[in-house]
Amino acid sequence: MKQVININFQGRVVPIEVTAFELLKNYTESLSRHFANEEGKDEIINDIESRIGELFQEKITKGATCITDDDVNAIIKNMGRPEEFEAMDDTQTQSTASSSSSQEQSSTGNTQPAGNKRLFRDENDKVLGGVCSGLANYFNIDVVIARIIFVVLLFSGIGFLTYIIMWIAVPSSATTQIGGSRKKLFRDPDEKLIAGVCSGIGNYFGINAWIPRVLFLLPFLSFISRWGHWGFGDFGDIVRFTFSPTSLIVYIILWIVIPEAVTTSEKLEMKGEKVDMNSIKASVMEEMKGVGKKASAFGKEASSVVTEKANAVANDTKNFARRSRGGLGNVIAMIAKIFAYFIIGCVGIVLVGALFFFAIAAIGLFPLKDFLIGGTYQNLYAWGTLMFFIAVPIIGIITWIIRKIARSKTNGKMLGFTFGALWVIGWVCFILLISSISRDFNYNSKNLTEQDIFLTNPTVDKLEITSKSPLYKYNRSRFLRFEPFEGIQEDTAFVNNVDVRIIKSTNDSFRVTVIKTATGRFRNIAEENAAKIQYTGVQKDSILQMDKGIGINKTDKFRNQRVVMTIYVPVGKRIKIDRSISWFNDVHFGSNWNDGDWYYDSDSDAQNWKTGVEYKMGADGQLYTLNGVPAGKESRTKVRINSNGIEVTTDNNGNDQDNYRYNSGEPMNKIDSMKMKLESEKQRIKDSLEKAKQKIEQQLEKIGDNTEPAPLSSQLHSLSPLMEIN
Amino acid sequence: MNIDNTASQMRKGVLEFCILSIIKEGEAYPSDIIEKMKAANLNILEGTLYPLLTRLKNAELLSYRWEESTSGPPRKYFTLTEKGAGFYKELEATWYELANAVRALTNTEQETIINNSPADAGDNNFNDHQQ
């Protein structure tokens, strides 16, 4: 049982089944799309329609009650579908040109026959996204070479990201090829597991939906591989439930951003089937015809309004310009504009630079995050910051640059909007992270009692304080070293926040005490954190060896732990603080270190002593060098080079081993060797040499005795004849 | 190299020639043309015929007149114009040249060397007309 309707087809009334009518309508629409670019399109379609009408009439005159599906299908089969025309009839010049040129491409490896090359991903010769073949075409090299290069890069880690970015940024060749599929990214409601994101992505890239699904699932399953995990460790260690939220967040964002394919045409677009440039152009043109009329009417109305307003504004500005003396005003405006652009440019460059620096720093510091942040939220914020605040703008900028190079014009606004939105999320994460962390540093501990470090022999004459950490650790200069901690051992990082005070002892024995401070979210937590600090030392004869730093573990976190070590030195006894103590002692978060509760002001009773120098405690509580010079007033070794020669003045304050001294041995050797040469080779000028030799020896003796500065210029002068000879 | 593609390219080249030769015989209606082609065992889709006819008409090789029909809408009957007749003559000459060359090449493979140059000339002509 089928419904039959009467239609007016080519001037005749034709009874036709509803379903058959649908078929007919679709067919004529497909025809008009196919012939959209053809000259005399209407005529062709009219011819075809009248032929169909004739065939209908034949059916009805033969006694058929109405036109059925079968009739229409038979007619369509005879006439042929547009896609069959294409196979049969290639006289359409465009498609001939494009197909033959694409054959040329594959044979010669040339994207475009002449000039004006553009970078495209090659849809005809692709393994994954066609990036390599596109690049190969662009640079005129073999695809295999491009692929090998990418695979090699893949192992170094850069290739993967590059490939992904190029996949996004470089337009597909299909978008420009006539007859090629023009795909759009939709969520696929027919093949969905959750929201159809993965199957949509699969459709778009022409790959199985399971590939994106696995890519999304991999991070979820990371608790097996423990790859890049972070955990709800707070649940306890019985079940350590770890997973990466990255893919979840990405999935949700894609869910929001990507539209669902609802209508048939959207589904076709999603799969890129039969929706070619012609058909889209045709359908757009058809829509435009209707819209065009409306638009032109609206345009007239709008333009009249706009011109009125614009005239008003123009008059205002003209008046203003006249008032500001015309030409000069323009010049000033021009200069201001140039200046503004310059400033904007500078700010932009600085921002990008800062961002990159920040990114490197953040990536460097990321392994340390467990020592600083704790709890689900802070971890979430940290990951969000890393991904959206840092990674997104970098990928965005790179994408933008590549798109500029590739001169891509598709979907630019959408991409920009997406990156902008993700970056806003990044900012939110970053601000939340900072505010959340700052709260952990809100309060300082108030308990400032001194705790004694046990000294086995406090009555030694001299105490030298060292630490277990190797000396000059931070002199191993690496490029961009971001490691504020003393080093990490398994789950403990060491921070060397140690302040040292040296005070006169009341009796004749040494005494060493420590005050431990820390911060916390609340006062009592700050006190707890301070109490947990472990910092002790062991005395061996005259050496007190301290721990290499304050240990920070992942459960207690870094909370500005700091130790003030006070050394009570008896009068007349010697003290030396090694450089390994308080070498790099200002690792802290936030600026509220001295917040008023804090009685110890490091400046007021700071002695100007230096590490690595031995001092003696004076009766007035002041430290003196072994020569009797007050600490901080000892002058340094001076090396002065001027026209009088090299002048070396050394204050003998008893620390000779630290002074750089001018060693006169080397120049002497050189001069001797010269002398030998001259004596053996140049007998003729022996007399003048003798004189010169005597002079030099006199000068050298003077240097050696260090009684009088030896004038360098005279030395050189006396040497000059020798040089001429050589 | 796709066999279907090559075959259809070959067919395409002679399609216009065939249509013109049918119309040359007398006024023709599109479905007549299809019938005659079918009878000669040259099957084409009717849908591809209409654009071809329109193109030839626009190139002023064909003209048409309307004729009322008893069994439906008025019909278009096509005839050759003077220009079309001249065009057909040229095509015909090219075709026989080409057909001879092809026959010579395909039938007697030994004489390939002798027939090489006319075959080349034929090829060139063929291409000229295609464009």
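Quick note on labels: first sequence line is chain A, next is B, and so on, each numbered from 1. In this text the structure is predicted, and so the values were computed from the model without any measurement.
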**Asked** Quick one: of A/Glu49, A/Arg51, A/Glu43, who has the most non-hydrogen atom pairs under 4.5 Å with chain B?
**Response** A/Arg51

**Message:** Checking side chain to side chain contact (heavy atoms under 4.5 Å, CB included) between B/Pro51 and each of A/Asp47, A/Ile44, A/Ile45, which is the one that passes?
**Reply:** A/Ile44

**B/Glu60, CD atom: more than 12 neighbouring heavy atoms under 6.0 Å** = no

**Complete:** Between the NZ atom in B/Lys76 and the CG atom in A/Asn46, the distance rounded to the nearest 0.5 Å is 7.0 Å

**Message:** Can you confirm whether B/Lys57 is buried at NZ, in the sense that more than 12 heavy atoms of other residues, nucleotides or ligands lie under 6.0 Å from that atom?
**Reply:** yes

**Fill in**
Note: A/Asn78 and B/Lys38 closest approach over all heavy atoms is OD1-NZ, 4.1 Å

